[in-house]
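Here's the structure we're looking at; comments come further down.
Proteins come first, then strands; the chains are lettered A, B, ... in the order of their sequence lines, and each starts at number 1.
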Amino acid sequence: MVWYDFFRMSNLEIINLFRNVAAAYSIKNEYKFKFQIIAYLKAAEAIEHSSTELKTLFEQGKLQNIPGIGPTIKDRLEELFRTGKVKHFEEVLSDISPAVFPLLDIPSFGPKKASKLVSHFKLHDPKTAIEDIKTLALEDKISILEGFGEKSQSDILRAISEYGKGTTKSSRMVLSYAFTLAQEVIIYLKKHKDVIEAETLGSLRRMNSTIGDVDIAVASKNTKAVLEYFVAFPGKERIIEKGPTTASILIGGGKHVDLLALPPQQFGSMLQHFTGSKNHNVALREYSLKRHMSLSERGIKLLSEKGSPLVEFTSEEKFYKYLGLDWIPPEIRENEGEIEAALKHNLPDLVKIGDIRGDLHIHTNYPIDSSHDYGISSMQEMINRAKELKYEYIGLSDHNPSIGNHTKNELYSILSKRKSIIDSIKKSNKSIRVINLLEMDILASGELAIDNKTLELVDALIVSIHSSFSTNKEDMTRRVLAGLSNPKAKILAHPTGRLLNLRAGYELDWNRIFDFCVKNNKALEINAWPERLDLSDGLVKQAKEAGVKFVINTDSHAISHMDNMFYGVSVARRGWTEKKDILNTLPANKFVEWITS
DNA sequence: GCCGTTTTCGGCCCGACTGTTTTCAGTCG
């Protein structure tokens, strides 16, 4: 039996549990339990995309709101939250050695391979399972097993070694890291004379917040030469696989880069297929099958006419058009209503990077004696960069001065001096509107760090949480709403406090937050800092549906960070927002009117 | 075990690559 702390189970732990249940079914009888396996994997993926803790949905009686959770899984989850265990799962997992499960996070290990090894060598301890397998391989005891050989034994050793250095199935890169890496590979590929087009694929093309592998597509009439050229990429550590149409390499940092090469006449269908998401493609295939068409990366087969040739597509636009659909932007291909919208020709006109007219969350090196961090560039350097970006306005928003080290009078004096400096900067920078902001701590009590009289020295406030992260949901919601209630507070910065791969962030009662923002003309920030991307795309979509407005900010601490706006816009796009939803697409007069209202 | 624009029953996307094999099983996306 695998041990779980059922009572406090987070979404991550439930995802892990469901994947283990699916693996257990595969080991028992893959054919008999085929559809249970699919169902549990699908449910795990749906939970991965949920922006709400299942525990919360359980308390609200809304578990079945998640597509992929039907009556049976709902019952099992309710049993889990009520009693702390699930009898059915205990039975399913009971005759599988717990040593199987840790192996499943190693690339190239699936349920069958893990189970074969664990049961043949009678391994029981999950804590030592990986080390045990390594020892057996080193002792040359694996290559003699049926279905294994010398090559698979050495592959196992290599996989475990790479796993130890961070190449796991679950570790993911932040978007900006993967995007930069992909651009390097694309620049390299485009130097080859046979490369006609090169484009990112998968979660990277859809601009997910985190990316597993970097996938790239190439259109070429000489795919063999391009694949040979690709696997010689200078940053390569080794070739993982290489076939006639695909190849995969490992690069420094333990990440995979996969290349797909097909002739130009199939580039459209290939791009579509490998952009995904899986859920989008499954839904699109089901939609197509009802219309007697079968989709693959090579094109579309008409099932109604026997022996009819494959219809090929040079572009995605033509591919979708053939299915009777408008072209769907990659960012919203998640099977969350986009196929229906494309059919009815009412897809959203998503906000674009070129729509952005200002950046409001900028930290400078101005000596404000902050309790948090400073920027490294000066106010004037930031303003110059904003001008280069053709912005019409910029908000200087250093952290508030530390309240522990200063009296009220000193705080007034510090901000008074800052105001006079910003006023003179405004006068010498007439081509751009400079807005005097502060990023203000909402204290644990819900009060702002600075009193109202002193706040008259700034145009408006960005408010945010920087302390007591473990406060419970109810108190945190009250705290945030109290902070936002100050008339100067216009934007709630990085609203969940999450740090990708590091910190889940605190929980808020989002319906109350959304409602408050709509009624009181407050905006939620979409923070473009690559490790934040906060709000998350899912919450952006929910907030938009509630009528909330947004400001996309970079939270820059240096001029180079101001280019991260692009990643914030991609989050906004994944949340289905249009130009009218994003306040910093407004012209300067309108924007200043709002933020000082 | 989930789900519904022919369905509350009877379906459930499609293919590439590798290693151990001589026709396939396993993993991956």
Side-chain angles (χ1 to χ4, degrees), chain A residues 18 21-23 25-27 30-46 64 66-77 88-89 92 103-104 106-117 142-156 159 169 201-204 211-215 217 223 227 239-248 256 258-262 266 269-270 272-301 303 310 324 335 339-340 343-344:
Chain A
F18 279 16
V21 168
Y25 273 131
S26 297
I27 293 164
E30 193 182 12
Y31 300 100
K32 183 176 169 193
F33 298 115
K34 185 174 177 186
F35 298 111
Q36 279 90 339
I37 294 166
I38 292 173
Y40 277 101
L41 291 177
K42 210 171 169 182
E45 200 177 306
Q64 270 188 283
I66 295 194
I69 294 186
T72 305
I73 294 184
K74 181 197 72 134
D75 285 351
R76 306 232 195 276
L77 284 169
H88 175 75
F89 292 161
V92 173
L103 298 175
L104 299 178
I106 302 173
S108 80
F109 277 75
K112 303 294 186 59
K113 190 195 279 186
S115 163
K116 258 189 210 168
L117 292 171
I142 290 180
S143 63
I144 51 172
L145 294 188
E146 194 185 340
F148 292 82
E150 289 291 338
K151 186 70 169 65
S152 39
Q153 179 171 273
S154 61
D155 283 349
I156 285 170
K169 285 187 205 166
L201 298 171
S203 56
L204 181 52
I211 309 294
D213 299 333
V214 168
D215 300 319
T223 58
L227 287 164
I239 300 168
I240 297 167
E241 61 179 38
K242 184 163 77 75
T245 58
T246 71
S248 181
H256 292 195
D258 301 340
L259 186 78
L260 292 129
L262 272 185
Q266 293 180 343
S269 54
M270 179 173 70
Q272 195 290 318
H273 175 83
F274 288 104
T275 296
S277 66
K278 194 162 93 185
N279 289 340
H280 174 83
N281 282 359
V282 168
L284 198 65
R285 290 220 164 95
E286 286 172 358
Y287 163 93
S288 304
L289 277 176
K290 284 174 192 149
R291 287 157 183 78
H292 310 292
M293 293 181 276
S294 170
L295 312 184
S296 81
E297 64 263 47
R298 296 183 175 278
I300 298 179
K301 271 185 250 174
L303 301 175
L310 186 74
N335 191 29
I339 295 174
E340 294 80 354
L343 186 61
K344 293 179 192 152

Between B:dG29 and B:dT23, how far apart are the P atoms? Round to whole Å, please.
30 Å

Please identify each residue that fulfils salt bridge (charged side-chain N to carboxylate O under 4.0 Å, His left out) with A:D155, with sequence neighbours left out.
A:K151, A:R158

Where each residue is assigned the nucleotide of DNA chain B containing its nearest heavy atom, which of A:K112 and A:E286 is assigned the position nearer the 5′ end?
A:E286

Tell me what A:F274 touches on the nucleic acid: a base, only sugar-phosphate, or nothing, going by heavy atoms under 4.0 Å.
nothing

Taking the side chain as every heavy atom from C-beta outward, state whether A:T72 and A:R76 have any pair of such atoms under 4.5 Å apart.
yes

Heavy atoms only, 4.0 Å cut-off, all strands: where does A:E146 land among base, sugar-phosphate and nothing?
nothing

For A:E340, the side chain to side chain contact (heavy atoms under 4.5 Å, CB included) test, sequence neighbours excluded, returns none

Distance between P atoms of B:dG10 and B:dG15 (Å, rounded):
27 Å

Under 4.0 Å, heavy atoms only, any strand: does A:F148 hit a base, just the sugar-phosphate, or nothing?
sugar-phosphate

Take the angle between the ring planes of A:H88 and A:Y25 and call it parallel below 30°, perpendicular above 60°, tilted in between.
tilted

Taking only residues two or more places apart in sequence or in another chain, which ones pass side-chain hydrogen bond (donor to acceptor under 3.5 Å, both in side chains) with A:D213?
none

Distance between the C1' atoms of B:dC9 and B:dA25, in whole angstroms?
32 Å

May I ask you to say what A:K42 touches in the nucleic acid, namely base, sugar-phosphate or nothing, with a heavy-atom cut-off under 4.0 Å?
nothing

So, do A:D215 and A:L204 sit near enough that their side-chain heavy atoms are less than 4.5 Å apart?
no

Would you classify A:R76 as touching base, sugar-phosphate or nothing, given that sugar-phosphate means primed atoms plus P, OP1 and OP2, and contacts are heavy atoms under 4.0 Å?
sugar-phosphate

Please report the distance separating the P of B:dT21 from the corresponding atom of B:dT27, rounded so that it comes out in whole Å.
16 Å

With rounding to whole Å, what would you report as the distance between B:dG1 and B:dT6 at their C1' atoms?
23 Å

Could you list all the salt bridge (charged side-chain N to carboxylate O under 4.0 Å, His left out) pairs where at least one residue sits in residues 290-300 of chain A, not counting sequence neighbours?
none

Across the strands shown, which category fits A:E340 at heavy-atom distances under 4.0 angstrom: base, sugar-phosphate, nothing?
nothing

When the P atoms of B:dT5 and B:dC13 are compared, how many Å lie between them, rounded to an integer?
16 Å

Considering only heavy atoms of chain A and a distance under 4.0 Å, specify the first and last nucleotide of DNA chain B in 5' to 3' order that meet this criterion.
B:dG1 to B:dG29

Just call it for A:L260: base, sugar-phosphate, or nothing, with non-hydrogen atoms closer than 4.0 Å on any strand.
nothing

Using the closest heavy atom to pick a nucleotide of DNA chain B for each, name whichever of A:S294 or A:S152 lands nearer the 5' end.
A:S294

Among all residues two or more places apart in sequence or in another chain, which pass the side chain to side chain contact (heavy atoms under 4.5 Å, CB included) test with A:L227?
A:A247, A:L259, A:A261

Just to be sure I understand the rule, does A:I38 reach a base, reach only the sugar-phosphate, or reach nothing, if contact means heavy atoms closer than 4.0 Å?
nothing

Determine the contact category for A:S248: base if any of its heavy atoms lies under 4.0 Å from a base atom, sugar-phosphate if only primed atoms, P, OP1 or OP2 are that close, otherwise nothing.
nothing

Taking B:dT20 as the reference, what is the distance to B:dG26 when you measure between their C1' atoms (whole Å, please)?
11 Å

Identity of whatever pairs with B:dT8 - Watson-Crick or G-U, under 3.5 angstrom:
none

